[in-house]
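From a predicted model like this one, the values you see are computed outputs, not experimental measurements. Both backbone and side-chain heavy atoms feed into the values below; hydrogens, waters and symmetry mates do not. Numbers restart at 1 for each chain; the letters A, B, ... are given by sequence-line order, proteins then strands.
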2 protein chains.
Amino acid sequence: MRAKTEQPGRQGVLDAAAELFVAHGYAGTTLRQIADVAGIKAGSIYHHFASKQDLFAAVLEQGIVVMVEAFDEANSAAVTAPDRLFAHVRAHLGALFENGPFTTAHVTAFHNAPVEVRESAVDRRDAYENMWAGLLADLFPRINVKELALHRLILFGSLNSTIEWFDRSGNLSLDQLAQVVTDQFLHGVAS
Amino acid sequence: MRAKTEQPGRQGVLDAAAELFVAHGYAGTTLRQIADVAGIKAGSIYHHFASKQDLFAAVLEQGIVVMVEAFDEANSAAVTAPDRLFAHVRAHLGALFENGPFTTAHVTAFHNAPVEVRESAVDRRDAYENMWAGLLADLFPRINVKELALHRLILFGSLNSTIEWFDRSGNLSLDQLAQVVTDQFLHGVAS
DNA sequence: AACTCTACCTAACGTTTGTTTGGTTAGTTG
DNA sequence: CAACTAACCAAACAAACGTTAGGTAGAGTT
């Protein structure tokens, strides 16, 4: 079992890095491991990225891009309030499970990464959260902003934690998962 | 800013280790950092623990103990269904925020740790999850087990993710947070 | 007073880490 | 064909890593 050459060049390094950062964290991943998966030698990474931190920042960046694109696409997908919410929940889960490990890196590797790298991504993460805040304010005009922020954070927790247990090859589809989360968010389990 | 001698001996090492593992992850934390916070030298750690993995396993172990104790105490605290649920939600949040960084390590450092150490904690983690499964089956006898497991995982995601954003020194108390989470779980936001 | 145990220290070990330097190769452009 | 560039490699660097070995100081026991 040796190096798997998936994609050449810069994107190949990014793919390998994202996968390994998600699995073993920032400090737990070595440049030699990344290079091995990418099918090159460790020193060659520096042709594409200035440092390990720079590489990780690029992974986070691509993860945000995937999320924002998914959100934008979901925006023009539904009309009624519950359907709009479902579409965005489904989009977020899609970013986590259907677009490679880039978005996932924000959940599993972000917290333990060095401060400098985290700060480089904070602005774009905030922007994404604000898109959600705007959406929820639109859908639930009767709930005040402060309480709505709480509900949003709780929802985010549910969504992001799915990567710890959800199995795409199981008998529950992503659509069904999105439906369960949306229903629970809207009506709770007691309904 | 140098070494802070908080508690001597084995427990002092454990405290320091838990704090740093939570902040920087398993691989991102060095034995020299732990020793520095504990007020001793790196080699001395081996008087109390056989290896870094062994030390991390001990942190996880203590984190589980705190959770299970909190759960058991909550068991004899309420009568009505919503109150029982609230008591256990509050207990879980208490384990996360009021008993040192040990339980928190299960959320932030568990995923990226080496497989061998994770496996050493899997049984006890499963046992805790089964306590919750039993509780929910008791509270919601009309919902089938499979669906209830989904709701439980979603709830766990919400609860554990609070460590990413909840600020104990803010104007929202732990009791209030527990109430919001419980209400959202039971009735959703649309109610 | 000799013994034993716990809790540490100093100093080193082999290995691995991120990173740098100086090439080499293949493809493109003038 | 010469010049240039992008994408790599081989080999090394100092620093930091987990870990080990041997020793010391103090308290408790016999």
Exercise for the section: Would you please classify the geometry between the B/Tyr128 ring and the B/Trp132 ring as parallel, tilted or perpendicular, with 30° and 60° separating the classes? Expected result: perpendicular
Problem - Phosphate-side-chain proximity, A/His48 and D/dC8, N/O vs OP1/OP2 below 4.0 Å - result: yes
Problem - Distance-minimising heavy-atom pair for A/Val13 and A/Ile34 - result: O-CG2, 4.0 Å
Fill in the blank from the handout: Rounded to whole Å, the CD-P distance (A/Gln11 to D/dA6) equals 18 Å
Problem - Value in whole Å for how far the P atom of D/dA25 lies from CD1 of B/Ile40 - result: 19 Å
Practice task
Give a yes or no answer on whether the side chain of A/Thr104 reaches the backbone of A/Leu96 with a donor-acceptor pair at less than 3.5 Å.
Solution key: yes
Handout entry: Given DNA chain C, 5'-ward residue of the pair A/Leu31 and B/Gly43, judged by closest heavy atom
Key = B/Gly43
Problem - Between C1' of D/dC17 and CG of B/Asp36, the distance in whole Å - result: 15 Å
Fill in the blank from the handout: Here the distance between atom P of C/dT20 and atom NZ of A/Lys52, to the nearest Å, is 15 Å
Fill in the blank from the handout: Contacts of A/Arg10 and B/Ser44 projected onto DNA chain D by closest heavy atom; the upstream (5') one is A/Arg10
Exercise for the section: Starting at atom CD1 of A/Ile45, determine the distance to atom C1' of C/dT20, rounded to an integer number of angstrom. Expected result: 14 Å
Exercise for the section: Would you mind telling me which of C/dT6, C/dT19, D/dG18 lies closest to the side-chain atoms of B/Thr30? Expected result: D/dG18
Exercise for the section: Respond yes when some side-chain nitrogen or oxygen of B/His47 is under 4.0 Å from OP1 or OP2 of C/dC9, and no when none is. Expected result: no
Exercise for the section: Please state how far atom OH in A/Tyr46 lies from atom P in D/dC13, giving the value in whole angstrom units. Expected result: 17 Å
Handout entry: Closest to the B/Lys41 side chain, choosing from C/dT19, C/dT10, D/dG18
Key = C/dT10
Practice task
Answer yes or no: is there a side-chain heavy-atom contact under 4.5 Å between B/Glu98 and B/Arg168?
Solution key: yes
Problem - Interatomic distance where CZ belongs to A/Phe56 and C1' belongs to C/dT19 [whole Å] - result: 19 Å
Practice task
Can you tell me the distance, in whole Å, between the CZ atom of A/Arg32 and the P atom of D/dA12?
Solution key: 13 Å
Problem - Residue pair B/Asp183 / B/Gln179, side-chain donor-acceptor N/O under 3.5 Å - result: yes
